[in-house]
Number of protein chains: 2
Amino acid sequence: MVAGRPRAFDMEQALDRALQVFWRKGYEGTSLPDLTDAMGINRPSLYAAFGNKESLFRKALDRYSERNAIFVDEALSAPTAREVVEKLLHSVAYARCCPENPPGCLAVQAALVCGDDAESIRKELVMRRAASESRIRERMERAKEEGDLPTNADPTVLARYVSTVIQGMAVQSASGASHTELETVVEMALLAWPT
Amino acid sequence: MVAGRPRAFDMEQALDRALQVFWRKGYEGTSLPDLTDAMGINRPSLYAAFGNKESLFRKALDRYSERNAIFVDEALSAPTAREVVEKLLHSVAYARCCPENPPGCLAVQAALVCGDDAESIRKELVMRRAASESRIRERMERAKEEGDLPTNADPTVLARYVSTVIQGMAVQSASGASHTELETVVEMALLAWPT
DNA sequence: GTATTTGTGTACCAATCGGTCAATATGACA
DNA sequence: TGTCATATTGACCGATTGGTACACAAATAC
């Protein structure tokens with residue numbers, strides 16, 4: 001980039017707008033007019049700045065993941081396994097219902113199933129969800145080494161359970177559940193935690 | 001219907017095939033060629049027999065719901081609240097991974113989010129999921145009246161927790177989880193149950 | 001056998017899909 | 001003040017979307 005006409009829009013803001021649309025309508029449910037309207041730019045500008053629809057989605061997904069990572073990292077750095085899942089679940093209950101964002105979880109609802117064209121997006125999301133679960137599992141393994149969990153506790157199972165509850169809350173949120181409703185789920189889910 | 005040329009295909013079988021496609025690809029992700037190919041009929045036959053895409057989906061959804069209702073009814077008729085949720089969760093763990101069906105739950109993944117055109121389908125699915133949760137809640141209310149649950153137990157919260165776990169398992173299944181993996185989730189989820 | 005009724009097959013419809021081209025506008029730099 | 005590099009604009013592309021019109025085939029009713 002040497003000189004030339006400067007870009008008339010804010011790329012960060014435009015990407016945020018695109019993220020919101022994908023979040024609300026999913027990958028397949030979002031059309032290019034949906035995107036250009038929300039981003040306030042026209043089609044060739046979108047393609048010049050972000051590539052095609054798929055690469056725009058991936059950039060939006062990266063942004064989504066980065067923001068999620070902030071509170072996930074914070075939760076995972078709690079001193080005990082119990083505190084980790086408490087923080088994690090409470091954070092998710094808040095984040096999925098944060099009023100300035102669409103309900104639900106992008107990584108769950110953007111392409112849980114899809115037509116053949118979007119199959120690579122679906123697989124990407126499957127991998128991201130698996131990666132999230134792995135991070136929790138690794139934290140539980142550490143907890144077990146530290147004597148922070150009973151010797152018969154299985155980090156894989158614990159992580160899968162927590163992931164399942166989190167994904168269930170995503171569906172609940174996408175169905176209109178409120179923050180307080182999700183909090184009751186969190187409290188109950190924590191009753192299963194080993195002591 | 002007085003006379004006329006007889007239908008050359010089996011409507012029940014064709015509807016089953018359509019259900020499979022919607023289940024695997026979601027409402028928006030399924031195209032009419034997807035449907036006609038799977039059903040082995042051509043477009044005008046499909047429209048004559050089932051209306052349009054939306055009404056075909058609703059018929060397929062009804063069929064899906066009926067089949068689900070069989071084991072849900074059986075679970076809800078168990079004598080105690082504890083047995084109800086045990087049966088329910090184990091049944092779901094099996095049903096979501098039954099090898100002759102697509103993974104996941106149609107009512108969750110067919111249109112968790114979507115474009116404007118499919119909005120009425122999405123709302124229908126939200127209502128069905130809410131109805132399922134209500135059935136569980138009513139069963140828990142009955143259990144409480146029967147002294148089958150602690151006096152401080154909240155049927156609404158119990159039902160929401162069970163629904164959330166079930167929906168989480170649907171996401172896990174759609175992501176490739178096996179039956180035995182879901183069973184470990186069930187066992188752990190049951191640890192939260194009040195005694 | 002002929003009329004009537006219904007299903008099937010082909011070919012088509014307008015609208016929308018994701019994506020691009022060529023012309024023009026706008027800035028930085030010399 | 002040009003020159004050059006990039007951004008914006010509107011029109012356009014072929015392919016696909018959900019949905020139909022119409023001619024023909026196959027059965028029953030008389």
Side-chain angles (χ1 to χ4, degrees), chain A residues 1-15 17-18 21-22 24-61 110-111 113-122 124, chain B residues 1-15 17-18 21-22 24-61 110-111 113-122 124:
Chain A
M1 177 129 34
V2 182
R5 179 173 173 176
R7 192 169 275 122
F9 63 93
D10 181 343
M11 280 194 67
E12 304 295 309
Q13 186 187 44
L15 185 54
R17 300 267 179 83
V21 178
F22 282 126
R24 242 180 307 115
K25 301 192 168 188
Y27 180 71
E28 284 180 332
T30 299
S31 70
L32 282 165
D34 287 337
L35 290 167
T36 52
D37 288 354
M39 299 166 85
I41 65 181
N42 51 29
R43 222 176 284 212
S45 296
L46 187 158
Y47 276 80
F50 301 103
N52 59 12
K53 184 186 177 186
E54 178 168 342
S55 97
L56 172 59
F57 176 80
R58 295 192 128 94
K59 287 177 173 62
L61 176 61
V113 294
C114 59
D116 303 329
D117 293 347
E119 198 51 28
S120 73
I121 297 289
R122 191 187 67 84
E124 170 77 29
Chain B
M1 176 131 31
V2 182
R5 177 172 174 175
R7 192 170 273 122
F9 63 93
D10 181 343
M11 279 194 69
E12 304 296 309
Q13 185 186 47
L15 185 54
R17 300 267 180 85
V21 179
F22 282 127
R24 241 180 309 115
K25 299 191 169 188
Y27 180 72
E28 284 179 332
T30 299
S31 70
L32 283 167
D34 288 336
L35 291 167
T36 53
D37 288 355
M39 300 165 84
I41 64 181
N42 51 30
R43 222 175 285 212
S45 296
L46 187 157
Y47 277 80
F50 302 103
N52 59 11
K53 183 186 176 185
E54 177 168 343
S55 96
L56 172 59
F57 175 81
R58 295 192 129 95
K59 287 176 172 63
L61 176 61
V113 294
C114 59
D116 303 329
D117 293 346
E119 197 53 28
S120 72
I121 297 289
R122 190 187 69 82
E124 170 76 30

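So that the names make sense, note that chain A is the first sequence line, chain B the second, and so on, each numbered from 1.
Distance, Leu35(A) CG to dC17(C) C1': 13 Å, rounded to whole Å. Atom-to-atom, CG of Asp116(B) to C1' of dA15(C) comes out at 15 Å; the value is rounded to the nearest Å. If you measure from atom CG of Asp117(B) to atom C1' of dG18(D), you get 10 Å, rounded to the nearest angstrom. Per the geometry, CG belonging to Leu32(B) stands 15 Å off C1' belonging to dA15(D), to the nearest Å. Rounded to an integer number of Å, the gap from CZ of Phe9(A) to P of dT9(D) is 10 Å. If you measure from atom OH of Tyr27(A) to atom P of dG18(C), you get 8 Å, rounded to the nearest angstrom. When the P atom of dC12(C) is taken as reference, atom OH of Tyr47(B) falls 19 Å away, rounded to whole Å. Spacing between atom NZ of Lys53(A) and atom C1' of dT16(D) amounts to 13 Å, rounded to whole angstrom units.
Scanning all heavy atoms of the two residues, the minimum distance from Arg122(B) to Ala111(B) falls at CG-O, 3.1 Å.
Picking from dG27(C), dT8(C), dA7(D) the nucleotide with the shortest atom distance to the side chain of Arg7(A) gives dA7(D). Nearest to the side chain of Ser45(A), among dG18(C), dA28(C), dT8(D), sits dT8(D).
Side chain of Glu28(A) to main chain of Gly115(A): a donor-acceptor pair is present (N/O by atom type, distance under 3.5 Å, no hydrogens or angles).
The side-chain heavy atoms of Leu61(B) and Phe22(B), taken from C-beta on, include no pair separated by under 4.5 Å. Residues Ile121(B) and Arg58(B) have side chains in contact (heavy-atom distance under 4.5 Å, counting atoms from C-beta outward).
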Tell me which donor-acceptor pairs under 3.5 Å the side chains of residues 39-49 of chain A have, and how far apart each pair is, sequence neighbours excluded?
residue	atom	partner	partner atom	Å
Asn42(A)	OD1	Ser45(A)	OG	3.0

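The shortest distance between the side-chain N/O atoms of Asn52(A) and the OP1/OP2 oxygens of dG18(C) is not below 4.0 Å.
Geometric assessment of Lys53(A) against the ring of Tyr27(A) yields a positive cation-pi assignment under the 6.0 Å and 45° thresholds.
Residue-level contact check: Ala8(B) touches the backbone only, with heavy atoms under 4.0 Å from sugar-phosphate atoms and none from bases.
To the nearest 0.5 Å, the span separating CZ on Arg17(B) from CG on Leu15(B) amounts to 11.5 Å.
Of all the residues in residues 36-44 of chain A, Arg43(A), Pro44(A) reach under 4.0 Å from DNA chain C with at least one non-hydrogen atom.
Residues Asp34(B) and Pro6(B) each lie close to DNA chain D; by heavy-atom proximity, the contact nearer the 5' end of the strand is made by Asp34(B).
Side-chain atoms of Arg5(A) and base atoms of dA5(D) include no donor and acceptor less than 3.5 Å apart.
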